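Scroll down for the structure; my scribbles are underneath it.
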2 protein chains.
Amino acid sequence: MTVESDTTGRIGSLANEVFTGIATKWALLIIDALGAETLRFNQLRAQVEGISHKMLAQTLRTLERDGIVDRTAYATVPPRVDYNLTAAGRELQATIHGICQWTHHHLDHIQAARDRFEGRVQ
Amino acid sequence: MTVESDTTGRIGSLANEVFTGIATKWALLIIDALGAETLRFNQLRAQVEGISHKMLAQTLRTLERDGIVDRTAYATVPPRVDYNLTAAGRELQATIHGICQWTHHHLDHIQAARDRFEGRVQ
DNA sequence: CTGGATCCGTCAGGATACTG
DNA sequence: CAGTATCCTGACGGATCCAG
């Protein structure tokens, strides 16, 4: 429905690009973590299990660019930067949180499915 | 409950492993596609834009193993295999569909945020 | 038509060091 | 503390061929 805009930008490719950006382990975990409260860089690093310094910075940058995460830097020393979700980001977080909840609630179910699968494949 | 399975007893690692499996572009798109209707292999291939033969088969396998996707093969010739979501899978699909919807609804918002960001970074 | 198996290039992403 | 830049390895994932 009315997808073709101009010569340069196909909306479809933008959608794919954006989706590719958030359909990532780290992006999803970061967004979910920010759902609870505003966090600073190293607080996020501690909260998102196993994420590296580089990936956190990199992912936060694209999330900020796409208007999902809001970044506010204070000119203090040492510097202090707060990250929180934008209005759009909070909407997204609500659904993402559902995935995390689902994973948590179905762990035993999944374990059983795996055992069944293993026996099935011999 | 049902945590004490292996020597390590790390339920956290299972959760992380499962989450890593579904927090993927292809997995999310496949699950969302199956939300609408039962689909066959090549129907899925056509529906999930840009997915390769290999990744479709591979992702479907792990989704089946984790009890998210149900696979039913008919012993006909040529063979015919139907994929659909399990009960747990449908729960998951509901939240995943929210992400797809979000992406679709916020495209203009994102585009504006990008433009703003570009100007901001000089 | 479904779905392995193999080869192979690309790049995501970790480790490290450096700046403000 | 926050963020960037560089190097380098492993795996993700595409293309292709083979099988039931």
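The model shown is predicted, which means the values in this text are computed figures rather than measured ones.
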*Please check the phosphate of D:dT4 (OP1 and OP2 only) for any side-chain N or O of A:Arg61 closer than 4.0 Å.*
yes
*For B:Trp26, what residues pass the ring-ring contact (aromatic ring centres under 6.0 Å, His included) criterion, not counting sequence neighbours?*
none
*asked:* Return the CG to CG distance between B:Leu34 and B:Leu29, rounded to the nearest 0.5 Å.
replied: 11.0 Å
*For A:Thr86, which residues count as a side chain to side chain contact (heavy atoms under 4.5 Å, CB included) partner, sequence neighbours excluded?*
A:Asp70, A:Ala88
*How close do B:Ala73 and B:Val81 get, heavy atom to heavy atom, and via which atoms?*
CB-CG2, 4.0 Å
_salt bridge (Lys or Arg N to Asp or Glu O under 4.0 Å) partners for A:Arg80, two or more places apart_ = A:Asp82
*List the steps, then state whether side chain to side chain contact (heavy atoms under 4.5 Å, CB included) holds for B:Arg65 with A:Glu118.*
CA-CA 8 Å; B:Arg65 190 189 62 159; A:Glu118 262 179 48; over 6 Å; no
_So A:Tyr83, base contact, sugar-phosphate only, or nothing? Heavy-atom distance under 4.0 Å._
sugar-phosphate
*Can A:Arg114 and B:Glu17 be counted as an ion pair, charged N to O under 4.0 angstrom?*
yes
_Each nucleotide in nucleotides 12-18 of chain C should get exactly one letter: B, S or -. Can you fill that in based on protein heavy atoms under 4.0 Å?_
-BBB---
*In whole angstroms, how far is the P atom of D:dA2 from the CG atom of A:Asp82?*
9 Å
*asked:* Counting only heavy atoms and a strict 4.0 angstrom limit, can you tell me which residues of residues 35-43 of chain A come near DNA chain D?
replied: A:Arg40, A:Phe41, A:Asn42
Enumerate donor-acceptor pairs with a distance under 3.5 Å from any side-chain N or O in residues 36-56 of chain A to protein atoms, sequence neighbours excluded.
from	atom 1	to	atom 2	distance (Å)
A:Gln43	OE1	A:Arg40	N	2.8
A:Arg45	NH1	A:Ile51	O	2.9
A:Ser52	OG	A:Met55	N	3.2

